[in-house]
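Notes for the one structure printed next.
Fair warning: this is a prediction, and the values are worked out from it, not measured in the lab.
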Amino acid sequence: MPPNTNLEIDTISPFVESDFKELKSDKFQNPDFTAKGETRASVAMTEFETIWFNTGTLCNLACKNCYIESSPKNDALVYITLEEVRTYLDEIAQKNLPIKEIAFTGGEPFMNPDMIAILSLCLDRDFKVLVLSNAMRPMRRFEQKLLDLPKRDQLTFRVSLDHFTKAIHEEERGPNSWDKAIDGLKWLAAHNFPLAIAGRHLPGESNTLAMQGYAALFTDNLLPLDAANPAHLMLFPEMDARADVAEITTSCWGILDVDPATIMCASSRMVVKRKGEDTPRVAACTLLPYDPQFDMGETLEESMQDVKLNHPHCARFCVLGGASCSV
């Protein structure tokens, strides 16, 4: 019998910050040195495997902890167009870049009116494609068009479920968001789309408890997912740039036994189109679309430069959290 996934609701909340420590103001100020004067770590691109496109920050939801502040009103990142995506795919071909995967995030990607055409283009060019979605109404409007896509066995949907319980998921995403997301997941599974789930680490909740809860959820809803498989269930750390975190120095790689080649910016970049700018730009990663120090240029080739880990997200999410947005 699966565990009762409601057992921990009263004792765990993603928004309780009893041990919250504010980030010290002298941290993450200098791209070359930490507040203690130590040499800041950087990451070289070792193999360019994934290009992300932010489809735009507009979303049908306004989640409390959205790192990019997506909402039905936020268009700080405007819709990327089919022709703009085509320009980057052409560059991949012309420069013979070793990119294997094209990934999409938002906002909600299916708010973008070009999304189906963009997916078709990427699949036609034989890329593996990953779409981050909430699997709600914006996606469901395109059911038949999704079923008609070429090579859709190469298209993976990663659906956001912020917890394995309805109460905590809806505390983050708003009322009436859980049942619609579960229904969308069931539709994707019924039509054999490759699936994954993006969840979160909550304060006081162990990996074991989280995996047990998601496993029960998958079983109860007949979803073909294995909670113990990191390709099926990805648990991300909380993203709060206000919270204190250690700065990463060059000596941290050895101390932490972390290979910088495993960090997300060693193998990926994200294309964004900021409101008011004429052309898309390439950002160092999916987490930092606005910060000018992580703007890597206009072309993919130009973006293949070292990234200095001068932001709390670099430490908390990537180095200490061991997380990556790619498959």
Side-chain angles (χ1 to χ4, degrees), residues 5 8-9 12-17 20 52-80 103-112 115 130-141 157-185 188 195-205 210 213-214 217 233-243 270 272 274-275 283 285-291 311-313 316-318 321 323-325:
T5 58
E8 302 296 323
I9 290 177
I12 297 172
S13 172
F15 310 112
V16 173
E17 298 179 322
F20 179 83
W52 287 82
F53 288 94
N54 188 294
T55 59
T57 39
L58 287 173
C59 185
N60 55 308
L61 298 176
C63 303
K64 289 183 179 179
N65 279 7
C66 180
Y67 77 95
I68 205 168
E69 300 179 346
S70 297
S71 77
K73 296 181 179 179
N74 180 15
D75 61 350
L77 300 181
V78 298
Y79 290 144
I80 199 87
F104 298 93
T105 185
E108 166 53 46
F110 289 100
M111 299 284 284
N112 186 317
M115 195 62 212
L130 172 66
V131 180
L132 276 54
S133 176
N134 56 40
M136 295 174 69
R137 187 172 180 272
M139 184 196 80
R140 301 297 296 274
R141 293 179 300 159
F157 283 83
R158 184 187 297 159
V159 177
S160 298
L161 290 179
D162 284 307
H163 200 249
F164 51 85
T165 63
K166 178 177 181 177
I168 292 180
H169 176 86
E170 291 197 343
E171 186 178 1
E172 163 71 6
R173 295 190 169 247
N176 304 314
S177 58
W178 172 265
D179 290 342
K180 292 174 183 176
I182 295 297
D183 192 57
L185 265 172
L188 289 166
L195 284 179
I197 299 296
R200 289 182 302 143
H201 287 289
L202 300 187
E205 183 176 86
Y214 279 103
L217 175 69
L233 174 63
M234 305 183 77
L235 296 173
F236 294 111
E238 288 290 354
M239 301 283 291
D240 190 343
R242 303 167 303 151
M270 182 170 76
V272 302
R274 303 183 187 98
K275 189 175 183 178
C285 78
T286 58
L287 308 178
L288 300 165
Y290 306 120
D291 193 326
H311 194 280
H313 291 345
R316 180 175 293 105
F317 186 87
C318 296
S324 173
C325 293

Which atom of D179 lies closest to which atom of K166, heavy atoms considered | OD2-NZ, 3.5 Å
Nearest 0.5 Å, what's the CG-CG distance between N54 and L77?
-> 4.5 Å
Closest heavy-atom pair and its distance - E172, C66 = OE2-N, 4.0 Å
Correct closest heavy-atom pair for G174 and S177 would be O-OG, 2.6 Å
Exercise: identify the closest heavy-atom pair between M111 and C59 | CE-C, 4.0 Å
How far apart are the closest heavy atoms of E108 and P138, and which atoms are they?
-> CG-CB, 3.9 Å
Hey, could you give me the SG/CG distance between C63 and N65, rounded to the nearest 0.5 Å?
-> 9.0 Å
Which heavy atom in K73 sits nearest to a heavy atom in L58, and how many Å separate them?
-> C-CD2, 3.8 Å
Could you please spell out the steps behind the side-chain contact (heavy atoms from CB on, under 4.5 Å) verdict for R173 and N134?
-> CA-CA 10 Å; R173 295 190 169 247; N134 56 40; 4.2 Å; yes
4.5 Å side-chain heavy-atom contact, I182 and L161 | yes
In terms of ring plane angle, is the pair Y214 and F164 parallel, tilted or perpendicular, where the classes change at 30° and 60°?
-> perpendicular
Classify the side-chain pair E205/H163 by whether it contains a donor and acceptor separated by less than 3.5 Å.
-> yes
Take atom CD of E170 as the centre, draw a 6.0 Å sphere, and report whether it contains more than 12 heavy atoms from other residues, nucleotides or ligands.
-> yes
To the nearest 0.5 Å, tell me how far T286 OG1 sits from F104 CZ.
-> 14.0 Å
State, yes or no, whether a side-chain contact exists between M234 and I197 at a heavy-atom distance under 4.5 Å.
-> no
Pairwise distance CG(N112) to CD1(I80) - rounded to 0.5 angstrom = 8.5 Å
Judged by atom type as modelled, is there a donor-acceptor pair below 3.5 Å linking the side chain of S70 to the main-chain atoms of G107?
-> yes
With side chains defined as the heavy atoms from C-beta onward, is the minimum distance between H311 and L287 less than 4.5 Å?
-> no
Using the side-chain contact (heavy atoms from CB on, under 4.5 Å) rule, take Y290 and T57 through it: C-alpha gap first, then chi angles, then the decisive distance, then the call.
-> CA-CA 12 Å; Y290 306 120; T57 39; 3.4 Å; yes
Taking the inter-plane angle between the rings of F157 and F110 on a 0 to 90° scale, is it parallel (under 30°), tilted (30 to 60°) or perpendicular (over 60°)?
-> parallel
Pairing residues for Y79 by the ring pair (Phe, Tyr, Trp, His ring centres under 6.0 Å) criterion, not counting sequence neighbours = none
Name the orientation class of the two ring planes belonging to H169 and W178 (parallel below 30°, tilted from 30 to 60°, perpendicular beyond 60°).
-> perpendicular
Within a radius of less than 6.0 Å around CZ of R141, do more than 12 heavy atoms belonging to other residues, nucleotides or ligands occur?
-> yes
Just wondering, do R140 and D183 contact through their side chains at under 4.5 Å, heavy atoms?
-> yes
Hey, mind stepping through C285 and H313 against side-chain contact (heavy atoms from CB on, under 4.5 Å) and telling me if it holds?
-> CA-CA 10 Å; C285 78; H313 291 345; over 6 Å; no
Criterion side-chain contact (heavy atoms from CB on, under 4.5 Å) on N74 and I68, from CA distance to verdict = CA-CA 10 Å; N74 180 15; I68 205 168; over 6 Å; no
